[in-house]
Amino acid sequence: MDLNYTDDQIAFRNEVRNFLRDNLPPRLSDKVRDGKELTKQDHEEWHAILNSRGWLAGNWPKEHGGTGWDAVQRNIFEDEMTKANAPRIVPFGLAMLGPVLMAFGSDDQKGYWLPRILDGSDWWCQGYSEPGAGSDLASVRTSALRDGDDYIVNGQKTWTTLGQHANMIFCLVRTSKEGKRQEGISFLLVDMNSPGIEVRPIVLIDGGAEVNEVFLDNVRVPAANLVGEENKGWTYAKYLLTHERTNIAGVGFASAGLETLKRIARAELSGGQPLIKNPLFAARIGQVQIDLMAMATTNLRVVSAAAAGQAPGAESSMLKVKGTQVRQEINALTMQAIGPYAMPFVSEALEGDNDPVGPAYAQAPTGQYLNNRKLSIYGGSNEVQRSIIAKAILEL
Amino acid sequence: MNFNLTEERQMLQDGLRRFLRDQYTPDLLAQIADSDTGTSTDVWNGLAEMGVIGALFNEDQGGFGGAGFDIAVVAEELGRVGATDPLIDTGILGGGLIAALGTDEQQSMLEDIIAGKHHVALAHAEPGSRYDLSRVSTAVTDGKLTGRKAVVVNGGAADTLIVSARTSGDVADQDGISLFLVAVNASGLTRRIYPLTGGGHAAEITLDDTPATPLGDAGQAYAALATAHARATCAISAEAVGLMDAIRVLTTDYLKTRKQFGQPIGKFQALQHRMADVLIEIEQARSAVINLAGHLEAEPATRDIHVAATKTLIGQVARLVAEEAIQMHGGIGMTQEYALAHLAKRLVMVDHRFGDTLYHMDRFIALAVA
C-alpha cells in the first residue's frame with residue numbers, strides 16, 4: 001500500500017499542470033469557473049489546443065492517435081483539468097464512439113472516422129434513449145430496414161445532449177423483432193444532415209437547452225455505416241457504457257465544487273459572521289468533505305486496479321451512486337449558501353454579460369443545482385446501478 | 001500509488017485469517033463471554049506466537065512492522081471474527097506508550113508484551129472527560145496518584161496500568177499531563193470489573209494515594225497520548241471494516257436463503273437496493289481506513305485531519321451496517337444466540353471509543369473546514 005504517486009507520475013502531473021498554465025485560455029477557464037455556458041466554438045477551440053499537444057484522446061491507444069495513458073495517468077490528467085477549470089472534453093466521439101469503433105469497427109471505418117474525431121471534423125452525439133426506452137434501453141423501437149445498400153431509419157431519439165452542435169449521431173436501432181429484445185438491436189452511424197432528420201431542443205428545468213429530441217423520418221443511411229454485425233448492437237452498446245462510466249465518480253468536479261462552496265460560505269454572512277462559522281452549516285460541509293475524501297480513494301482503488309489490467313465491473317456502479325450523491329449534496333449546499341440570491345432567475349447571465357443580480361458567485365448555483373439533478377438519472381439511473389450491484393457483486 | 005499489500009503483510013493476513021477462523025468457534029466466543037477477563041489465554045498466546053503483536057511495533061522496538069498498514073491488516077482480521085483480544089490495549093496503547101516514552105529499563109517490558117506475557121491497559125479517561133484527550137484531573141501528591149478512571153478497557157485482564165495524571169496546568173490543558181506505570185495490585189487501587197456490550201471487559205478504577213512510577217517526562221505526555229490514540233483509532237476503524245465485511249457476508253447469505261412469499265427475500269428490490277447502499281458505504285469505510293493508515297506517520301496536523309475524517313465516517317457506516325443487517329434479518333437478527341448479535345453490538349460500540357461521530361466531526365470542522 002502506498003498512497004503516493006510514483007516519481008514518474010508526479011513528473012507527469014507537473015507536465016500537465018504546466019501545459020494547462022501555459023495553454024488554457026483564461027477566457028475559457030473563467031467561463032467554466034463561473035458556470036457559464038460554453039459555445040460550440042469554445043469547445044472546438046479547446047479540443048484543438050489539446051489535439052495539437054496530442055492529449056485530446058486520453059483513453060485511446062497511440063496507434064490511433066491517442067495518448068496511450070494508463071488509468072492512473074488519465075485520472076491525473078482529468079484531475080488537473082478540473083482543478084484548472086478547463087472545459088470538459090466533449091465525450092461523445094472521444095470517450096464513447098471511438099473505443100467502440102476501435103473494438104468492433106471495420107478498418108475502413110476506423111481509418112475514416114477516428115481521425116475526424118480528433119481533428120474536429122465531426123461532432124458526434126448519442127442516439128440511445130427514446131421516449132419509451134430510458135433506463136430500460138433494450139426496448140428501443142427506432143427501426144432500420146435494409147433497402148439495397150441503405151437502411152431506412154424511422155423513429156425518435158431523445159435526451160440527445162448537445163445534439164444541436166452535432167453533424168453525426170450514433171444510434172441504437174432495431175433491425176429485428178425476433179428472439180430476445182437485446183438480439184435485434186444494431187449500432188448505426190447517421191449523418192445529421194440527411195433528409196428526414198429534425199432536431200428540436202428540450203428546455204430543461206434550469207432554463208438551458210443542452211438536450212434535444214431527434215426525429216428520424218425515412219432517413220436513408222448507407223449500410224457501410226453499420227458498426228460490426230447486424231443485431232449485435234447491444235454488445236457494442238454495453239461496451240460503450242463501460243467506457244462512459246470511466247471517471248463516473250466525478251472526483252475532480254466534486255473537489256472543484258467543494259472549493260467553490262467554501263469560498264462562498266466564507267464570503268456570505270449569517271448572523272454577522274461568515275456562514276462557514278455556522279456550526280450547522282460547517283457540519284454539512286464537513287460531512288460531504290469526509291464522504292469525498294473516502295470516495296476519492298475508492299475511485300483511485302478502482303483506477304489502479306484498471307491500470308493493472310482488471311476490468312472495472314460493477315465497482316463503477318458504486319462510484320456512480322456515491323459520486324452523484326456527493327456532487328448533488330455539494331450543489332444543494334452551494335445553493336443554500338447564497339441564501340435569497342438563489343431566487344433570481346439568471347439564465348441569461350449564464351450566457352451573456354448582463355449586469356448580474358447579487359454577487360457574481362451567486363449566478364450559477366441555482367442553475368447548477370437544478371441541472372445536476374440529472375446526475376442520478378442519466379448513464380443508468382442510480383436505481384439501475386443499485387440493481388447492478390445487487391446482481392453482480394452481491395449475487396442476489 | 002499502489003493499493004496492494006506487500007508480500008509480508010499478505011502472508012500475515014492469510015495466516016492470521018486462517019488462525020482466527022479455526023480458533024473463533026461459537027464455543028470459544030461463549031467461553032470468552034463467561035470468563036472473568038474477557039480474553040482467551042490460548043488465543044492470545046497463539047497471536048503472540050504468530051508475531052501478530054510484534055507486527056504492531058517497529059524493528060527498533062523489537063517488532064517487525066508498526067506502520068499504519070500493519071495495524072490495519074491485523075485489526076481488520078480480528079474484526080472479521082468479532083475477536084475481543086486486547087491488541088489495541090496491550091499492544092497499541094500500552095506497548096506503544098512504553099515504546100514512545102519509556103526508559104531503557106521500562107522498554108525491556110516490550111519483549112514480554114510482544115511475547116504475550118503481559119497485559120496492559122491505558123487508564124486515561126475519567127468520569128466526565130468523555131472523549132477529551134486533554135481533560136485530566138487525577139492528582140499527583142508526593143509521586144502518588146489519587147483519582148478515578150472510567151471504562152478502562154482490558155482493565156480486568158491487565159497486570160500493568162498506564163495511568164494519566166495532572167502534574168501542572170488547568171484541567172483541560174495539553175501541557176501538564178504525565179503518565180505513570182501502576183501495578184494493578186498497588187496499594188489504594190481498586191477495580192470494579194465488568195463485561196462490555198461489544199465483548200471483552202473493562203474496569204472503573206479508583207486510585208487513592210497509589211504508588212506509581214513515572215513514564216516519560218513530567219507534564220509532557222500529551223503528544224504521545226495523541227499519537228497512541230491516532231494509532232488506536234486506525235486499529236478500531238480497521239477492526240470495524242472487518243466486522244462490516246463479516247456482517248455483509250452473513251446478511252447476504254441470509255437474503256439468499258430466507259424465503260418469504262414463495263421466494264428468497266433477496267429477490268425483492270426493496271432489500272436489494274438497501275443492501276447495495278450498505279455495500280457502497282462499506283467500501284467508503286474501507287477507503288477511509290486506507291486514508292488514515294496511509295497518513296498515520298504524517299505530521300500531526302495532517303494525521304489528525306484523517307483521524308477525524310475516518311472515525312466520523314466509520315461511526316456513521318457502523319451504525320448503518322449494524323442497523324440494516326438486523327432489520328434485513330428480521331426476528332432472527334434480534335436473538336442473542338445468532339452470530340449477528342455479537343458482531344452488530346461490537347460494531348455499534350466502535351463509535352464509543354476514541355471519539356464518536358459528533359466529537360470527530362467537530363474536530364474535522366476545526367481542522368479542515370473553517
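Just so you know, these numbers use all the heavy atoms, side chains as well, and skip hydrogens, waters and symmetry mates. The structure presented is a predicted model; accordingly, all values stated were derived computationally and were not measured.
- The choice from A:Leu300, A:Val303, A:Ile276, A:Leu319 that makes the most heavy-atom pairs within less than 4.5 Å of chain B is A:Leu300.
- Ranked by heavy-atom pairs under 4.5 Å with chain B, the list A:Ala265, A:Ala283, A:Pro274 is led by A:Ala283.
- Using bins of under 30°, 30° to 60° and over 60° for the plane-to-plane angle, the ring pair B:Phe268/B:Phe261 lands in the perpendicular bin.
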For B:Glu76 and B:Glu239, what are the C-alpha separation, side-chain angles and deciding distance, and is it a side-chain contact (heavy atoms from CB on, under 4.5 Å)?
CA-CA 4 Å; B:Glu76 185 178 322; B:Glu239 184 189 342; over 6 Å; no
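- Looking at A:Asn382, neither its backbone nor its side chain comes within 4.5 Å of chain B, counting heavy atoms on both sides.
- Taking chain A as the reference chain and counting heavy-atom pairs below 4.5 Å, the highest number among B:Ala288, B:Ala293, B:Gly294, B:Ala276 is found for B:Ala276.
- No salt bridge links B:Asp351 with B:Arg319; every basic N to acidic carboxylate O contact stays at or beyond 4.0 Å.
- A:Arg181 CZ to A:Ser139 OG: the interatomic distance, rounded to the nearest 0.5 Å, is 5.5 Å.
- The backbone N or O of B:Val307 sits nowhere less than 3.5 Å from a side-chain atom of B:Asp304 that would complete a donor-acceptor pair.
- Identified by a heavy-atom distance below 4.5 Å to chain A, the contributing residues of residues 361-370 of chain B are B:Met361, B:Phe364, B:Ile365, B:Ala368, B:Val369, B:Ala370, in residue-number order.
- A salt bridge links A:Asp79 and A:Lys83; the closest N-O separation between the charged side-chain nitrogens and carboxylate oxygens is under 4.0 Å.
- Comparing B:Ala67, B:Gly68, B:Ala72, B:Ser287 by how many heavy-atom pairs each has under 4.5 Å with chain A, the most go to B:Ser287.
- Heavy-atom pairs under 4.5 Å with chain B peak, among A:Val321, A:Leu396, A:Asn4, at A:Leu396.
- The candidate from A:Leu258, A:Asp291, A:Ile393, A:Ile290 with the greatest count of non-hydrogen atom pairs under 4.5 Å with chain B is A:Ile290.
- We find that A:Arg301 and B:Glu283 are joined by a salt bridge, their nearest charged nitrogen and carboxylate oxygen being less than 4.0 Å apart.
- Counting non-hydrogen atoms of neighbouring residues, nucleotides and ligands closer than 6.0 angstrom, the CG atom of A:Asp7 reaches no more than 12 such neighbours.
- In terms of heavy-atom pairs under 4.5 angstrom with chain A, the leader among B:Lys267, B:Arg9, B:Arg286, B:Arg248 is B:Arg286.
- Counting heavy-atom pairs closer than 4.5 Å to chain A, the top-ranked of the candidates B:Asn4, B:Thr312, B:Asp277, B:Thr6 is B:Asp277.
- Looking at A:Ser387, both its backbone and its side chain come within 4.5 Å of chain B, counting heavy atoms on both sides.
- Other residues, nucleotides and ligands place more than 12 heavy atoms under 6.0 Å from the NZ atom of B:Lys256.
- Taking a cutoff of 4.0 Å between a charged side-chain nitrogen and a carboxylate oxygen, A:Arg284 and A:Glu329 qualify as a salt bridge.
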